[in-house]
Amino acid sequence: MKIVSNSSPLIFFSAIGMLDILADFGDISIPKAVYEDVTNNDLKGSKEVKNADWIKVVEVEEHEYIAFSSALGAGEAQAIALAIKQNADLILLDDLVGRRAAVAYGIEVMGTLGLLKVMYQKYLIENMKYMLDELQKHGFWMSTDLYSKMLKD
């Protein structure tokens, strides 16, 4: 499975110690802008992403993402362009505007919580409540309704 990721899923999965599990889901690629966003700002996950030799960093040419750049950040725009270029099976995006743009181009989208749910369903994690609490401790925002729904489904 070909997967392209934006910054936030990498940051949050690193924060909860689950980044390496992403390698089990397929071939992970990120655009250079995402790599720089995560690694140049000393964010949680910067060291983990630098050391993850299974993440492929791909240069995306400006003409490939220029159509998205007015409404999205560089990372989201390049991630969508890379997903299109690689005919990716999935893109990992949390940003709502980015998700809508990807869906408009026919790309399957999953966010941090969706992937966490898949991990739970595949028994890769045992305690969903603990993982949700950990995400929130590291700055991931979700409504109380969504938190409850994640625990019920």
Side-chain angles (χ1 to χ4, degrees), residues 1-23 25-50 52 55-120 125 128 131-151 153:
M1 177 180 262
K2 287 189 244 175
I3 302 171
V4 173
S5 184
N6 190 33
S7 304
S8 61
L10 299 176
I11 292 165
F12 287 115
F13 278 103
S14 294
I16 62 173
M18 303 293 288
L19 182 67
D20 288 340
I21 292 179
L22 293 180
F25 284 87
D27 297 323
I28 310 291
S29 298
I30 60 173
K32 189 174 180 183
V34 167
Y35 180 81
E36 290 174 351
D37 185 37
V38 175
T39 61
N40 290 348
N41 295 317
D42 199 32
L43 296 170
K44 178 67 181 165
S46 63
K47 185 167 45 165
E48 293 87 342
V49 170
K50 281 181 187 175
I55 295 176
K56 297 177 191 115
V57 180
V58 180
E59 185 76 46
V60 179
E61 300 294 326
E62 185 175 5
H63 72 275
E64 295 173 312
Y65 68 88
I66 193 75
F68 310 110
S69 61
S70 64
L72 303 171
E76 287 103 355
Q78 287 189 29
I80 293 168
L82 181 60
I84 293 168
K85 179 180 179 177
Q86 292 188 340
N87 196 25
D89 300 299
L90 180 67
I91 187 167
L92 302 177
L93 274 169
D94 287 323
D95 178 76
L96 183 60
V97 175
R99 292 169 68 98
R100 287 181 178 159
V103 167
Y105 279 86
I107 305 166
E108 185 175 343
V109 178
M110 188 175 292
T112 298
L113 293 178
L115 190 55
L116 190 67
K117 181 62 93 176
V118 169
M119 289 177 177
Y120 182 72
I125 59 173
M128 179 63 85
M131 289 298 173
L132 294 174
D133 292 344
E134 285 298 301
L135 280 174
Q136 288 183 316
K137 283 181 195 172
H138 291 284
F140 190 94
W141 185 89
M142 70 186 94
S143 69
T144 54
D145 288 343
L146 182 54
Y147 183 94
S148 297
K149 185 176 186 225
M150 289 291 294
L151 293 175
D153 290 342

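Note that the structure is predicted; figures quoted are calculated from it, not measured.
Across all their heavy atoms, L93 and P9 have their closest contact at N-CG, 4.2 Å. Annotation for E134 and H138: closest pair O-CD2, 3.0 Å, computed over non-hydrogen atoms. D37 and S7 get closest at one heavy-atom pair: OD2-OG, 2.7 Å. Between A102 and I80, the closest heavy-atom pair is N-CD1, 4.0 Å. For the residue pair I30 and L82, the shortest heavy atom distance occurs at C-CD2, 3.7 Å. The two residues A88 and V4 have their closest heavy-atom pair at CB-CG2, 3.9 Å.
Using a 4.5 Å heavy-atom cutoff, the side chains of D133 and Y147 are in contact. Taking the side chain as every heavy atom from C-beta outward, K85 and V60 never approach each other to under 4.5 Å. Under the 4.5 Å side-chain criterion, counting only non-hydrogen atoms from C-beta, V118 is in contact with M110. Counting heavy atoms from C-beta outward, M131 and L135 have side chains that stay 4.5 Å or more apart. A 4.5 Å side-chain heavy-atom check between V57 and V34 finds every atom pair outside the cut-off.
Atom OG of S143 sits about 11.0 Å away from atom CE of M150, to the nearest 0.5 Å. Here the CD1 atom belonging to I16 is positioned 8.5 Å from the CD1 atom belonging to I21, to the nearest 0.5 angstrom. Atom-to-atom distance recorded for R99:CZ and L92:CG is 9.5 Å, nearest 0.5 angstrom. Between the CD1 atom of I107 and the CG atom of N87 there is a distance of 9.0 Å, given to the nearest 0.5 Å. S5 contributes atom OG, which lies 12.5 Å from atom CZ of F25 (distance to the nearest 0.5 angstrom). Taken to the nearest 0.5 Å, the CD atom of E108 stands 6.5 Å off from the CE atom of M1.
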Can M128 and L116 be said to form a side chain to side chain contact (heavy atoms under 4.5 Å, CB included), step by step? CA-CA 8 Å; M128 179 63 85; L116 190 67; 3.7 Å; yes
If you apply the rule side chain to side chain contact (heavy atoms under 4.5 Å, CB included), what do you find for L22 with L115, and how did you get there? CA-CA 9 Å; L22 293 180; L115 190 55; 3.0 Å; yes
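Exactly one residue among L19, I11, L10, I55 makes a side chain to side chain contact (heavy atoms under 4.5 Å, CB included) with E48. That residue is L19.
Applying the side-chain hydrogen bond (donor to acceptor under 3.5 Å, both in side chains) test to every pair with at least one member in residues 26-35, sequence neighbours left out, gives these pairs: S29-Q86.
In this structure a side-chain-to-backbone donor-acceptor pair under 3.5 Å is missing from N6 to S8.
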